[in-house]
Peer 1: 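Let me give you the structure first, and then I'll get to my questions.
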2 protein chains.
Amino acid sequence: MTNKNVSNDEPILSDCQAVADVLARVGDKWTVMVVGALSGGAMRYNAIQRRIGGISQRMLTLTLKGLEQDGLVTRTMYTVIPPRVDYELTDLGRSLLGPITILFDWAKIHQGAMHMARAKFREAVAIVP
Amino acid sequence: MTNKNVSNDEPILSDCQAVADVLARVGDKWTVMVVGALSGGAMRYNAIQRRIGGISQRMLTLTLKGLEQDGLVTRTMYTVIPPRVDYELTDLGRSLLGPITILFDWAKIHQGAMHMARAKFREAVAIVP
DNA sequence: CAGGATCCAAGCCGATACTG
DNA sequence: CAGTATCGGCTTGGATCCTG
């Protein structure tokens with residue numbers, strides 16, 4: 001990501017495309033929460049939904065399907081009544097936990113600074129509109 | 001997201017709202033690219049745009065304004081003709097480079113696996129439509 | 001219990017044209 | 001050079017109802 005060794009005129013799109021792809025997959029509203037919910041082990045559909053407050057059935061289904069499609073989550077269906085479906089992180093999915101945790105630590109440390117900056121910014125533009 | 005203490009609970013989930021906030025700020029289409037473009041030092045508006053292929057003036061302006069608002073980037077205007085405006089990462093912005101780089105490394109390593117998983121998934125659903 | 005289907009509002013984002 | 005203004009398509013995501 002850092003490009004100290006690259007001239008400032010060259011486009012860096014190709015360098016960042018990988019990150020952009022990952023963020024397009026992981027950066028939506030619910031994916032990280034679902035991955036976090038599954039970090040402790042396999043879980044059933046409704047258990048995930050209860051664990052994550054406020055996610056709709058539609059979005060949980062879409063998010064899980066996307067994660068399954070990219071090989072981050074496995075879906076195991078038991079043909080019993082009532083039906084039971086377990087979701088679990090794959091090795092690939094668990095490998096994402098590291099980077100996410102790093103980001104999580106950054107967020108915990110700096111979210112206060114970001115909110116203060118935002119407040120100060122709004123105050124500044126309020127003085128000089 | 002209110003979490004009752006479940007046996008399965010991990011520290012990740014209890015505060016993953018913070019990660020969601022960070023991703024809401026950083027997970028959009030252009031933010032990471034702009035931060036990456038600025039990782040080498042201060043840059044002018046048009047230089048950033050040239051560096052990042054395909055970003056529109058509108059989105060570059062909006063992205064920079066958002067980053068400035070959250071204290072990740074400073075905007076310095078020189079009242080000369082022709083006008084000159086420099087953008088530069090703040091300490092807070094530079095501190096984000098670490099987590100982003102980690103994510104970048106993960107992306108580089110695993111994007112192949114993700115694309116293969118996706119291809120295999122499409123193939124699987126093509127067999128059983 | 002685990003979704004599928006449908007509708008709809010809010011936003012993101014690109015393209016284009018214009019300005020100091 | 002460094003933006004602002006406006007329009008319009010496309011996507012995102014929530015709410016609601018329905019099914020095996």
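Proteins come first, then strands; the chains are lettered A, B, ... in the order of their sequence lines, and each starts at number 1.
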Peer 1: Is there a donor in the side chain of Tyr87(A) and an acceptor in the side chain of Thr76(A), or the other way round, less than 3.5 Å apart?
Peer 2: no
Peer 1: Would you mind telling me which residue lines up with the more 5' stretch of DNA chain D, Lys29(A) or Gln57(A), judged by nearest nucleotide?
Peer 2: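 First, find each residue's nearest nucleotide; the 5'-ward one identifies Lys29(A).
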Peer 1: Side chain of Pro83(A), heavy atoms from C-beta onward: which of dG14(C), dG20(D), dG3(D) has the nearest atom to it?
Peer 2: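 Output: dG20(D).
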Peer 1: Can you tell me which nucleotide in dC13(C), dG3(C), dT6(C) comes closest to the side chain of Arg58(A)?
Peer 2: dT6(C)
Peer 1: Taking any heavy-atom pair under 4.0 Å as a contact, classify Tyr87(A): base, sugar-phosphate, or nothing.
Peer 2: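 Sugar-phosphate contact only.
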Peer 1: With a 4.5 Å limit on heavy-atom distance, are the side chains of Trp106(B) and Ser95(A) in contact?
Peer 2: yes
Peer 1: Quick check for you: among dA2(C), dA2(D), dG3(D), whose closest atom lies nearest to any side-chain atom of Thr61(B)?
Peer 2: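 It is dG3(D).
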Peer 1: Quick one: is dA2(D) close enough that its OP1 or OP2 comes under 4.0 Å of any side-chain N or O from Arg84(B)?
Peer 2: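 The answer is no; no side-chain N or O of Arg84(B) sits under 4.0 Å from OP1 or OP2.
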Peer 1: Could you check Ala47(A) against Met59(B) and say which one's nearest nucleotide on DNA chain C is further toward the 5' end?
Peer 2: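 By nearest-heavy-atom nucleotide position, the 5'-most residue is Ala47(A).
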Peer 1: Does Lys65(A) make a side-chain N or O approach to OP1 or OP2 of dG4(C) shorter than 4.0 Å?
Peer 2: yes
Peer 1: Is the closest side-chain heavy-atom distance between Leu67(B) and Arg25(B) below 4.5 Å?
Peer 2: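 Yes - at least one pair of side-chain heavy atoms lies under 4.5 Å apart.
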Peer 1: Taking the side chain of Asp28(A) as its heavy atoms from C-beta onward, which of dG14(C), dG13(D), dG4(C) lies nearest to it?
Peer 2: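 Nearest to the side chain of Asp28(A) among the choices is dG13(D).
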Peer 1: Working to the nearest 0.5 angstrom, can you tell me the gap between Arg58(A) CZ and Thr63(A) OG1?
Peer 2: 10.0 Å
